[in-house]
Amino acid sequence: MDKPIVSVSGIRGVIGETLLPEEALRWALAYGTMVNGGTVVLGRDTRPSGEMLRGAVLAGLLSTGCKVIDLGIVPTPTLQLAVQHWQADGAVALTASHNPAEWNALKFFEPSGMYLDADGLKRLRGIYESGQFRRARWNEVGQIQTDATAIDRHIERILTCVDIDRIRERRFRVVIDCANGAACFISPRLLERLNCEVIPLFAEPTGIFQRDPEPIAENLSELCRRVRETGADVGFAHDADVDRLAIVADGGEALGEEMTLVIAVYHVLAHKERGPVVTNLSTTMAIDEVAKTFGVPVYRTPVGDINVSKRLKEVGGAIGGEGNGGVIYPRIQYARDAIAALALVLEFMAMHEEPLSQLVQRLPRYHMVKKRLPIGAVPVHELLERIKTRYTAEEVVEEDGVKLRWDDHWVHVRPSGTEPILRVIAEAKTPERAEQLCDEVIADLSKMLKVSG
Ligand code: MG
């Protein structure tokens with residue numbers, strides 16, 4: 001039987017194939033041992049396998065003596081806030097995020113609410129592999145406490161960080177695409193609190209996804225259509241665990257997930273607070289342009305929520321996130337929070353008279369192309385080394401693969417953490433140039449693969 005994939009984003013696999021209850025149980029035993037039988041917050045998304053995994057994970061945690069605060073179905077950012085609220089020793093989220101319905105995953109968190117970092121995961125893996133688990137005596141087995149108010153607290157927290165009256169006055173008409181995920185329980189409610197006219201789409205929390213749960217433009221055709229047909233001011237889309245937000249402007253154009261962070265960064269710097277911006281190496285260079293306008297620095301980290309969140313905290317940044325639609329607003333929390341992002345976008349819209357489709361014309365916009373290249377058994381470092389010497393770039397960043405940057409375009413070649421492939425991401429001012437740049441690098445890499453193979 002194949003094992004689940006273990007990476008910085010947790011333990012994930014296909015239910016009944018690579019992710020089995022006995023595996024989930026063992027990882028929960030390891031985590032319960034790592035937190036020494038402390039308090040652990042537990043939540044899940046809407047996937048049909050969630051209840052089964054919950055059972056396995058509960059058994060593991062309780063048997064190591066953990067007290068479990070069970071939130072039921074909640075967005076991941078809601079769970080991350082709840083860790084701080086309960087001053088818990090950690091948390092487990094059961095969600096495969098934007099992956100298809102047959103997938104599920106266990107994700108682990110620190111007491112701060114941030115994801116376990118690479119060191120934390122290494123420690124957890126060590127305990128898992130040792131099989132040396134904490135075993136509570138019969139009278140010390142953990143108990144479950146239910147918390148049904150985590151979503152309410154999350155909504156209230158967000159409402160303290162935006163100008164509610166200003167948004168309410170506008171009575172925005174909003175189509176909200178919840179992807180049949182955990183957003184069904186929070187985003188429509190937040191929108192109602194903001195006096196929006198809410199038009200729900202895929203808002204049944206079944207976990208049977210009627211569209212691909214990844215909120216990239218090509219999966220949002222139904223949302224675009226609804227926004228157009230209803231004359232809505234804006235459309236929003238989430239992934240299944242609500243840490244990503246994509247935006248469709250009035251008129252029905254999907255802005256692309258990179259634009260979510262660009263809008264959020266612009267809005268926070270222009271209207272809320274000035275401070276450094278933190279994002280990952282693969283995120284659009286429009287962020288640098290916006291930050292430059294306001295005279296603040298941009299720090300770039302390897303890809304991954306935990307990397308961005310940690311750096312944001314270190315530098316006391318005003319706003320950060322990832323180009324996949326994950327916005328991190330420190331006044332709410334150091335985690336990608338798509339509900340917070342949604343409120344920020346509405347606040348941005350409320351501060352201007354023009355419709356969103358016109359507002360975004362004022363923001364810098366680039367075009368990105370992402371491709372993947374299977375590399376078989378050829379060592380990644382050899383390929384990266386040769387790419388590095390093959391081009392003359394203005395800046396070469398050797399963190400998380402190799403990134404070559406020029407004045408108005410860049411290419412980032414990074415190995416996948418879980419498959420024998422390279423991801424090649426290129427960005428330029430026009431779609432054609434981005435495509436050409438990406439293909440050029442892939443052609444070079446392919447030549448090297450032929451020689452090596
Ligand atoms: Mg997600």
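Both ligands and their constituent atoms are indexed starting at 1 by order of listing.
Contacts classified as salt bridge (charged side-chain N to carboxylate O under 4.0 Å, His left out) and involving residues 108-121 (residues at least two apart or in different chains) are given here: Asp117-Lys310. Listed by first and then second residue, the salt bridge (charged side-chain N to carboxylate O under 4.0 Å, His left out) pairs that reach into residues 68-77 are Arg54-Asp70, sequence neighbours excluded.
Under 4.0 Å is where a charged nitrogen must lie from a carboxylate oxygen, and between Arg26 and Glu22 no such pair does.
The main-chain N or O of Val162 is never found under 3.5 Å from a side-chain atom of Glu347 such that the two would form a donor-acceptor pair.
Shown here are the protein N/O/S atoms lying under 2.8 Å from the Mg ion (ligand 1), water excluded: Ser97 OG, Asp239 OD2, Asp241 OD1, Asp243 OD1.
Among Tyr299, Tyr329, Tyr334, the one residue that satisfies the side chain to side chain contact (heavy atoms under 4.5 Å, CB included) test with Leu312 is Tyr334.
For Arg365, the side chain to side chain contact (heavy atoms under 4.5 Å, CB included) criterion is met by Glu253, Leu255, Met259, Val360, not counting sequence neighbours.
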